[in-house]
Structures are given as structure tokens and as C-alpha cells.
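A short worksheet on the structure shown next.
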Amino acid sequence: MADSQLLKPAILVISDTASQDPSTDKAGNVLTETFKTDGGDRWATPAIKIVPDNVLDIQRQIQQWTDGEEYFNLVLTTGGTGFAVKDVTPEAVSPLIHRHAPGLVHGMLASSLEVTPFAIMSRPVAGVRKNTLILTLPGSPKGAKENLQAVIKLLPHACIQAAGANSRSIHAGGVSKLEREAGISTSSPDTTTPSEKEQHHRHHHHHGHDHSHSHSCGHGHGHGHIVPKPHTSPSERPQSNDPNAGPTRRYRESPYPMLSVDEALRLIYEHSPEPTIIEVPIDTSIVGSVVAEDVCAAEAVPAYRASIVDGYAVIASAHTAHGKGDTKGKFPVASVSHAQATSMPPPLEHRTIARITTGAPLPENANAVVMVEDTALISTTSDGTEEAVVEILTDDIKPGENVREPGSDVSLGSKILQTGDFITPVGGEIGLLASTGTKTITVFKKPRVGVLSTGDELVEHNNPAPLQGGQIRDSNRPSLISCLQSWGFPTVDLGIARDTPANQLEFALRDALRGSASKPAVDIIITTGGVSMGELDLLKPTIERNLGGTIHFGRVSMKPGKPTTFATIPFKPPISSSTQGVVGNDAQEERETRLIFSLPGNPASALVTLNLFVLPSLHKSMGLAIRAALSDNNNNNNNNNNPVSSPASLGLPLVTAVLTHAIPLDPKRTEYHRATVSASSGTGALLATSTGLGGKGAGVGQRSSRVGSLAGANALLVLPPGKGVVERGAWVQALLMGNVVGE
Ligand code: AMP
Ligand code: MG
């Protein structure tokens, strides 16, 4: 087999001893030999690394092998799968696995059990991360070799599939062909019927599909659904603490890999649903929406020939060769046309004029209006209440002067708004829609967001009773809800879920998604609290174990906000509530996914992560990614209608500002430092000033519990990790949360 087609294996030896003295490792060589002797020429020479029995070291090395462009096809670990206290391999590997493969675990255990009953004491894990298959083998060279031999023939097929090969072509030929290729055979012939095969194919073909419908306005945009695809049962995903296990058996270090903010944003973008289209009447509730279909004018503006000034409607003829018209002179005032008139004025007779007000319809035959300023009153009616004769003092009036022709502002049927346009609060778009008699508009639905606080210690912020013991006031709910409302999203106050009894949280989350008579169903849930490392931090276990959800990340390298957690859970909406007003949604029969953002409980962390992580997701769901893609296409003129695949244009706007004082850096994590950004009245440059430093280093001023660090803040300074300080006068990047203020 050509070298380029060889599968790439890697072996991670996990052993405190071998990491100190590599010469003590035997398993690495034994496994390398096994690839040569039993691997059937399918494998390249394995890469080998040795790490101690430490969760983070193990995770870091495996991610290096799996997450890059040059990923390995197979990662084998050896060691650390037993029951000894230091054996942490399954705990380290499990959270890395996206799709578990219990069949491989079963196969390895079954073959080991034939050799020794002690195999029952091994805790192997197997599954796929991204494009790589990961297997944990025991530490003893003999056990590791036997386990690998038990599955090695099947691994090429699994690896090729994991790497993303078209499963339809792999499976053409049925199971017997696969077995032949793997060099194994079962005793029974291939008895799969054609229809069974078909189903098998269809099942695989369906994996991860994400369909979208193109719409009549010609711009392709998906408003479909992501089909949830749990690959494991909750019992096979031991990432989160088992709340029944109590404080003594909880993890002492988070098993979730620490993601960078960018990685976290990418996952959020990937899992945030495409927008849904709704048709709604024209009123102020559409402010802040993105238009989903082009809008054409239902009426012309103006609908009749209207005067632009107060004055006199006249019959002007084309100017003569010497440049003068024939309007000068004294004329009887034959009629009056007011803007509030419901009927049209009578036609104008030759050599007469009609008084007219701004916006009023011109009489038939009239073709221009003379401003009142260019006229003089000559005589009145006998009772003195009406004008009889008026003199026009100018000859310069041309036909069409001071007249708005029908449709000259907006012509009938012209495009007044197009897909991707934003309905601003300034009023221009609403005005255009209103003036053209538009009855309804299709827009992308703004997601409805529920906000839930968690914790036994919380009391309502307005509870009149004085605080007792460890009670604190729930400040997160009012602050998050007000922020969401200021962004224009409908919110639902989901109250407080207590940590005990344990199932309160589960019920609160389920009820929020289903909705009730008093609270409409929400599209996205934001919780605060319960994501730290305490035994009462129930969010992750509840999402995974009780709601069958998937946690996409549970830790982010940032300050504040490290324990920020993002998950999706499968949800089957009740037909009646989900379909109201939804245009062309054929997804009602299928399960959908709902997003849960579980933000840290500390008030500053909660608000910072709301701004940083939740807003881009809401932006995608309300159609701003489609808007960005359309404007990109227009700018590049590249006829590429793919929606943007990065969150770059979503979320808070990023500006650059000059620091007015030095700020100490965090050595490890990116800090989102609360600050006020103002415009210098002298130079116009943006100046950034911290809302509070206080103390040394990461002082109390920016402590994550200090919600006051956000009072008065309109920006988050993005301070990358580093040594020392970022100096006064340095340029820093700032994410703008509010309007720039004056100096
Ligand atoms: P937890 O993640 O639940 O351990 O919470 C971390 C910290 O945030 C604790 O000090 C909590 O008391 C505090 N906290 C949690 N929820 C809220 C809230 N809704 N309002 C104010 N503080 C909170
Ligand atoms: Mg708590």
C-alpha cells in the first residue's frame, strides 16, 4: 500500500514511572510490533509519547493528535485504566470523546476475559473525537497487545469512517465484503436482505445532515433544524459528577478540557440554530429584526400628484426661447385644495389658479405650483373672507415645478427592503413600510430567552426581609434580563431553581422549554450558578444525565467566566405552540435542539459571558449571519451564497482604544476587563479607563463577584495573558457593550 494511504496511529504511554524514566516502558514497543505483525500493512509506524497519570497532561497530548489539520487516525493509550487511585485515564479520555463506541469496549473486554477474569477490573473507553478513533488499552504490555489484537482487523474500517469517508461507498457490498477486507469472517453467510441494506445505508447517509430550504426571494438560507444525534446513552457519558455520589467522590479538578474563547465561540456558532422565518404585522415590535424576504411597495408614494409647497396650482406652459414662461399676471382663484381633502378638487380652467397647501392633490390640468411667497393678493370676495384675484409675480415657473408626481418617492411595486436588511430603531424602515401600506412582513424570528437563577442561597432581590445566614440577593436575573431586553430580545423570567431537591432544576428546565399558561416556551435558556466545582453544582449532571443533553464545553480559558458551560438538549416541541406564524417550517414532526448557556454564578462573570458568548448565538438565530453573508457576497461579488461559517461579524463590535493607565495582566488567561471607553474631545481618539483596579494584580476591583465592576462600564478590554502590565498609552482592543461616552 502506498505510504500516503497508510493510516496514522499514535500511542500514548500513561505512566508516572515511565514518564520519569522512558527506558522502563515496554508497552510502546510491544504495540508498535503488533501493528507490524497483525496490522496487515495498513499502518504507518506509530508516534509514541509518554505522560504521567495526570488528566490534563493526557488530554493535552491527545488533543494535539486529534484536533489539528494533521490529525492521527488512531490514538491508543496504554495504562491508567485500573482501579488504583492514580488511574485516571478513563476520566481524562471520556470527556474528549464526541461519539462513544461501546462495541469496541465490549470486544476488547470479551477477549481479555477469555484470558483472565481480572479483565473485569479494567475500565476501557473507546470512541471518536473529531476524525480520530481513541482506544484505551491496559498498561501491562501483554494485556495491551491482546486487546489490540482483538480489534486490530476492524480498526482500519472504523478509522476510515471516522476520518469522514463516504459510508455509502464503503458499505456497498454489504457486511461480508467488509469482513473479507478485514480478513475475518463470521460463520453465517451475508443474509442481509436488500431492504435491510438500504436502511443501513440510509441511516448512515443521514448522519449529521442539516437541511436547508431555499426561499422564493432567491437567497438560499437554511431555516431548518439540526437533528440531534445522541451516540451514547447518558450512562455512557460519565463526564459530569454523579450528584448521588456525594462530595467525597466528586471530581477535584474539572474533567472538561479548557477551551480558548475562540474555540468556544466556534462551537456556539456551529450549534446555534439557523433562523426561523415568521410573518408579522407592521408595528414597533419588528424593530431590531432582520428582513427575511424582499418587500415590494404595495402602493405608490405619493398616490396622487401632490404639491411640495403652500401656494397656487397653475397651468404653466413650456418656456419660450428667451427662457420665460407665461405664469406672470393676475388670475382669479377658482378653487381651494387642502391636504386633508378626501375628494379631489375640480379641474382647473384655463387662466385660473387654485390655492393649494403642502401635500394636497393638484387639480386636473394644473401642472405646477407657485409658492405663496411669489404672489400678492389683489382683491377679495365681497364678504372679505376669500381671495378673489391673486397676482403671480414671476415668469420663471416651469411645468412640473413644486409637484411630486405619483410614485416619484416610491414607485408602485419597487423593492423597498431586501433580505438581510435590518429594521433600525431610527424609524426609517418602519416609515417606509407604513407609507407604502405594507400590511405584513416576513422577518427572522428573534429567539425568546429564558433566564433562570440557581442556588439555595438566593432570595428575590426585592424580598423585604433582611438577609439571614449565607443568603444573597439574586442580582443575576434582573441584570441579565435587562441586558437581553436592551438588545431587543423577548425574555421570560424563569425564577430561581433550588439546588435541593435535586430534580428541581430538571423540572425548571423542562418547563421552560415546554412553556405554560403563564410563561411562553423559550428558545434558549440561560442559567446562572451551579457550574463550579461544588457538590451542589448540578447544571452539568442535570443536562447530561436527566435531559440527555450534550455539553459542548464546560471550561473556557478566560477571566472572569472560566466555568462557562454550553450545551444542547434534544426537544420535541408540542405541534401547536411551535408552528404559530412560522412560514414553511416542515420540521414540526422532528426533534429539535435547544441551547442552554450555563453561566457562572458570580455576577460579573455572568454578565461578561452573557455579552461574550450568548449575544453571538442570538445574533445568528435572528438572521445576522445571513445578513453578513449577503453583504459579504455583495461586496466581493463572488456569487457565493454560503452563510458565514465564522462568528466574526456577530456579537459585540470590536474597537481599539488607548489606555489611560497601566493594567496588570493575568499570566494564564485572557482577561475581559470592565472599562469605560470615551471619545477624546481633543483628538477624537477612544480612551479606555478601568472601572476599578484596586489592590495588587487581579485586585478586588475586577473580582468576578463584584458586579459593581460593570456599573458604568461600556466596554470589555480584551487583555491577552502575559507578564507584568499593559502600559498607559498602549492600544488595547475593546468590545463595546454600550455607547461611547464623551470625555
Ligand atoms: P455557583 O456557581 O453556584 O457556585 O455560584 C458562584 C457564586 O455566585 C456564589 O458565590 C453564588 O452565591 C453567586 N451567585 C450565584 N447565583 C447568583 C445570582 N443569581 N445572583 C448573585 N450571585 C449569585
Ligand atoms: Mg450555586
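Indexing begins at 1, ligand by ligand and atom by atom, following the structure's order.
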Can you confirm whether the side chains of Ser709 and Thr691 place a donor and an acceptor under 3.5 Å from each other? no
Is it the side chain (CB and beyond), the backbone, both or neither of Ser475 that lies under 4.0 Å from ligand 1, heavy atoms counted? both
Contact region, Arg473 to ligand 1, non-hydrogen atoms below 4.0 Å, reads backbone
Any idea which atoms of ligand 1 are less than 4.0 Å away from a heavy-atom of [X]?
| X | result |
| --- | --- |
| Ser453 | 19 (N) |
| Thr528 | 19 (N) |
| Val531 | 2 (O) |

Residues at least two apart in sequence or cross-chain that pass ring-ring contact (aromatic ring centres under 6.0 Å, His included) with Phe566, listed by chain then number, are His552, Phe553, Phe597
Residues two or more places apart in sequence or in another chain: which of them pass ring-ring contact (aromatic ring centres under 6.0 Å, His included) with Phe422? none
As a check for students: among [options], identify the option with a heavy atom nearest to [atom].
| atom | options | value |
| --- | --- | --- |
| atom 19 (N) of ligand 1 | Leu539, Ile496, Asp474, Val451 | Asp474 |
| atom 7 (C) of ligand 1 | Asn476, Leu452, Asn602 | Asn602 |
| atom 8 (O) of ligand 1 | Ser598, Gly601, Ser479 | Gly601 |

Is the terminal nitrogen or CZ of Lys559 (NZ for Lys, CZ for Arg) located under 6.0 angstrom from the six-membered ring centre of Tyr672 and within 45° of that ring's axis? no
Does Glu457 come within less than 4.0 angstrom of ligand 1, counting non-hydrogen atoms of the residue? yes
Quick one: does Gly530 get within less than 4.0 Å of ligand 1, heavy atoms only? yes
Which of these passes side chain to side chain donor-acceptor pair (under 3.5 Å) with Asp523: Lys445, Lys446, Arg594? Lys445
Residue pair Val726 / Ala730: nearest heavy atoms and the distance that separates them: CG2-CB, 3.7 Å
